[in-house]
Amino acid sequence: MTSDSSNPSQAAHGKFISFEGIDGAGKSTHIGFVAGLLEAHGKSVVSSREPGGTPLGEALRDVLLHQKMHLETEALLMFASRREHMAQVIEPALARGDWVISDRFTDASFAYQGGGRGLDLAKLEALEHWVHPQLQPDLTLLFDVPLDVARTRLDATRTLDKFEQEQTVFFANCRTEYLRRAAQFPQRIVVVDSTRSIEETRRTLTAIVEKLLEL
Ligand code: TMP
């Protein structure tokens, strides 16, 4: 991507929104709503997810969510899925002028593999610089809830995957790392209080997204 804002191809670029939060934070409920908002403003929207978003990424997702592995293997496979997602979905969509919504991106690796599993953040930064040296989401919506609320929501789920079966301390560490990153990147990451009603959350999301549409 060029940094020359007078370049017409840059002007055509769409925007990239990621959704984040610990399991049970309720982010997925709002993805369709935000996609609908953007479409109502005439944007063409590509909705995707990580790990996943491509045939290879979905195969990696299946392995990642169901097999135990070394924490570095887990981080590397997350970024392998992301590299494919960047090449096959995110970069082409943004170049077409589409808007991209991804259910999770690199902040999840910092939160889960870094915060949750305790992997050295410098290793994650190295992978981040390798896989997407230039690109960051234009906006990250971080859905935040206290741990007991997330646990109650998860316990209502019938089959829990490998991550969802983790103990409270794991999610506490993920949440701490998410909130640390939100403090580190306040221009990009907006913390959304996800304990409120769906209607209230939608009003907040509408205001945030409309601001991004004006930029
Ligand atoms: P999902 O349940 O939101 O679809 O996400 C799948 C799981 O993968 C979730 O528990 C978080 C985890 N995950 C990581 O541990 N690292 C990552 O980089 C990503 C994208 C997801």
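Note: hydrogens, waters and symmetry copies are ignored here, and every other heavy atom, side chains too, is used. Both ligands and their constituent atoms are indexed starting at 1 by order of listing.
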> With a 6.0 Å cut-off on ring centres, are F110 and Y178 close enough?
Replying inline: no

> Which ligand 1 atoms does E50 reach within 4.0 Å, using its non-hydrogen atoms?
Replying inline: 20 (C)

> Looking at D23, which atoms of ligand 1 are within less than 4.0 Å of one of its heavy atoms?
Replying inline: 2 (O), 9 (C), 10 (O)

>> Could you check whether R181 makes a cation-pi contact with F185, meaning its NZ or CZ is under 6.0 Å from the centre of the six-membered ring and within 45° of the ring axis?
In response: no

> Should the pair R49-E58 be classified as a salt bridge under the 4.0 Å nitrogen-to-oxygen rule?
Replying inline: yes

> What residue and heavy atom of the protein are closest to atom 14 (C) of ligand 1, and at what distance?
Replying inline: M78 CE, 3.2 Å

> Using a heavy-atom cut-off of under 4.0 Å, does the side chain or the backbone of K27 touch ligand 1, or both, or neither?
Replying inline: side chain

> Evaluating non-hydrogen atoms only, which member of S109, S102, P51, S28 is closest to atom 21 (C) of ligand 1?
Replying inline: P51

> Just which atoms of ligand 1 are under 4.0 Å from any heavy atom in R82?
Replying inline: 18 (O), 20 (C)

>> Any atom of ligand 1 sitting under 4.0 Å from a heavy atom of R49?
In response: no

> Charged N to carboxylate O below 4.0 Å: is that the case for D98 and K43?
Replying inline: no

> Checking R153 side chain against A25 main chain: does a donor-acceptor pair fall under 3.5 Å?
Replying inline: yes

> At a 4.0 Å cut-off, with the gap strictly under it, does some heavy atom of R61 reach an atom of ligand 1?
Replying inline: yes

> Hey, which of K162, K68, K123 is the one that makes salt bridge (charged side-chain N to carboxylate O under 4.0 Å, His left out) with E74?
Replying inline: K162

>> Considering both backbone and side-chain atoms of Q113, is one of its nitrogen or oxygen atoms within less than 3.5 Å of a nitrogen or oxygen in ligand 1?
In response: yes

> When only distance counts, is R104 in polar contact with ligand 1, meaning an N/O pair under 3.5 Å?
Replying inline: yes

>> I want to know whether H30 and F19 have ring centres closer than 6.0 Å.
In response: no

